[in-house]
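Working notes for the structure below.
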Amino acid sequence: MLSLFVSKYLFVLAALLPIINPPGLVPFFISLTSHNSNAQRAFLARRIAIYCFLLLLGSMYIGGVVLEFFGVSLPVVQVSGGLLITIAAWRMLNDAPAEASPQLAQGEHREALKQRAFYPLTFPLTVGPGSISVAITIGASLTGTGSALARYTIAPVASLAAVATICLAIWVCLRNADKLFRYLGQTGSVVFLRLTAFILLCLGVQIIWLGLSGLLEPLLAVRR
């Protein structure tokens, strides 16, 4: 039983961790929170980790059912999520420098921070179309085969532990993002914001392209 738990745990961890890549989230987090204070970034990091935990588990166990109920395919999710990432990146490219509006960040309400922690910081930047697609696939594979004990006890507990580990890594990385932010300074932060926004824009276009490829592939196969 222990070996089965470990195998399921490592399976979920190995599938989701490279896609989410918690250390890789730090540049985007810094760029999108450059107007916020250290205390606000700490609050956002904690909220993002909580939202990621709920979103990943929800995608894993009810995501496929929800998409099937509404008749939405995974390529459509990729195109839609890619558009959201592209829009967020475009806003970052046209955002004012951090030093231009410090008063707005200091007075930002906690409820507004909670909303921003979910969109766009959790979805689609941290848990995006790729990780949601993988989570849905993992959920189907974990509960589709094996004994009743494995499907309804060991697999859910192992996936819960793996997702909790990933979200803990997300929190640790984002919570320590202030250290990198202090090293950049004002000018470095502005340059860093623009470069990160451009990379994010490229990622959004790439996700859209993958979704479009998935949508067009059946049509091209029929014509052949």
Side-chain angles (χ1 to χ4, degrees), residues 16-17 19-63 66 80-81 83-129 131-132 135 160-161 163-186 188-190 192-197 199-201 203-204:
L16 286 174
L17 195 59
I19 297 176
I20 295 177
N21 186 20
L25 300 172
V26 173
F28 304 115
F29 179 75
I30 291 176
S31 296
L32 285 169
T33 60
S34 58
H35 299 290
N36 296 103
S37 64
N38 293 340
Q40 289 173 331
R41 279 194 288 272
F43 177 81
L44 287 170
R46 185 170 64 253
R47 279 285 167 178
I48 291 169
I50 294 172
Y51 290 151
C52 287
F53 180 79
L54 298 175
L55 190 55
L56 285 173
L57 283 183
S59 300
M60 198 174 294
Y61 287 104
I62 65 171
V66 172
S80 303
L83 286 173
L84 289 176
I85 292 175
T86 303
I87 292 171
W90 184 256
R91 288 176 177 173
M92 288 169 61
L93 279 171
N94 294 277
D95 194 17
E99 65 271 19
S101 54
Q103 297 299 324
L104 177 64
Q106 296 297 332
E108 192 169 4
H109 197 271
R110 175 161 291 203
E111 289 300 320
L113 287 174
K114 289 180 181 179
Q115 295 174 15
R116 193 150 64 91
F118 182 79
Y119 176 82
L121 291 170
T122 297
F123 178 82
L125 295 182
T126 306
V127 179
S131 51
I132 288 177
L160 181 72
V163 171
T165 302
I166 293 171
C167 293
L168 178 62
I170 292 172
W171 176 78
V172 170
C173 291
L174 299 185
R175 184 64 185 87
N176 292 283
D178 284 334
K179 296 179 180 178
L180 179 58
F181 187 76
R182 286 197 297 267
Y183 295 146
L184 291 174
Q186 290 185 349
S189 299
V190 174
F192 194 71
L193 169 66
R194 305 309 181 200
L195 293 176
T196 304
I199 294 173
L200 190 62
L201 183 65
L203 289 175

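Residue numbers run from 1 in the order of the sequence given.
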For residues 20-32, tabulate all N or O donor-acceptor pairs below 3.5 Å that involve a side-chain atom, not counting sequence neighbours.
{"unit_1": "Ser31", "atom_1": "OG", "unit_2": "Pro27", "atom_2": "O", "d": "3.0"}
{"unit_1": "Ser31", "atom_1": "OG", "unit_2": "Thr196", "atom_2": "OG1", "d": "3.4"}

Report yes if some heavy atom in the side chain of [X] is under 4.5 Å from a heavy atom in the side chain of [Y]; otherwise report no.
X: Leu174; Y: Thr33; value: no
X: Asn94; Y: Trp90; value: yes
X: Arg116; Y: Leu44; value: yes

For the student: nearest non-hydrogen atoms of Arg194 and Leu93, plus distance | NH1-O, 3.1 Å

Partner of Cys52 by side chain to side chain contact (heavy atoms under 4.5 Å, CB included), out of Val163, Ile166, Val127 |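 Of the listed residues Val163, Ile166, Val127, the side chain to side chain contact (heavy atoms under 4.5 Å, CB included) partner of Cys52 is Val127.
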
Any residue meeting side chain to side chain donor-acceptor pair (under 3.5 Å) with Thr165, in chain and number order, not counting sequence neighbours = Tyr9

Residues in ring-ring contact (aromatic ring centres under 6.0 Å, His included) with Tyr51, at least two apart?
->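 So Tyr51 forms a ring-ring contact (aromatic ring centres under 6.0 Å, His included) with Phe118.
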
Among all residues two or more places apart in sequence or in another chain, which pass the ring-ring contact (aromatic ring centres under 6.0 Å, His included) test with Phe123?
-> none

Just jot down the side-chain contact (heavy atoms from CB on, under 4.5 Å) partners of [X], sequence neighbours excluded, or say none.
X: Ile87; result: Arg91
X: Ala89; result: Leu200, Leu201
X: Ile19; result: Ser131, Val134

Please report the interatomic distance [atom1]([X]) to [atom2]([Y]), rounded to the nearest 0.5 Å.
X: Leu54; Y: Leu57; atom1: CG; atom2: CG; answer: 7.5 Å
X: Tyr119; Y: Leu125; atom1: OH; atom2: CG; answer: 8.5 Å
X: Ile50; Y: Leu55; atom1: CD1; atom2: CG; answer: 13.5 Å
X: Lys114; Y: Ile48; atom1: NZ; atom2: CD1; answer: 14.0 Å
X: Leu160; Y: Met60; atom1: CG; atom2: CE; answer: 9.5 Å
X: Arg47; Y: Gln40; atom1: CZ; atom2: CD; answer: 14.0 Å

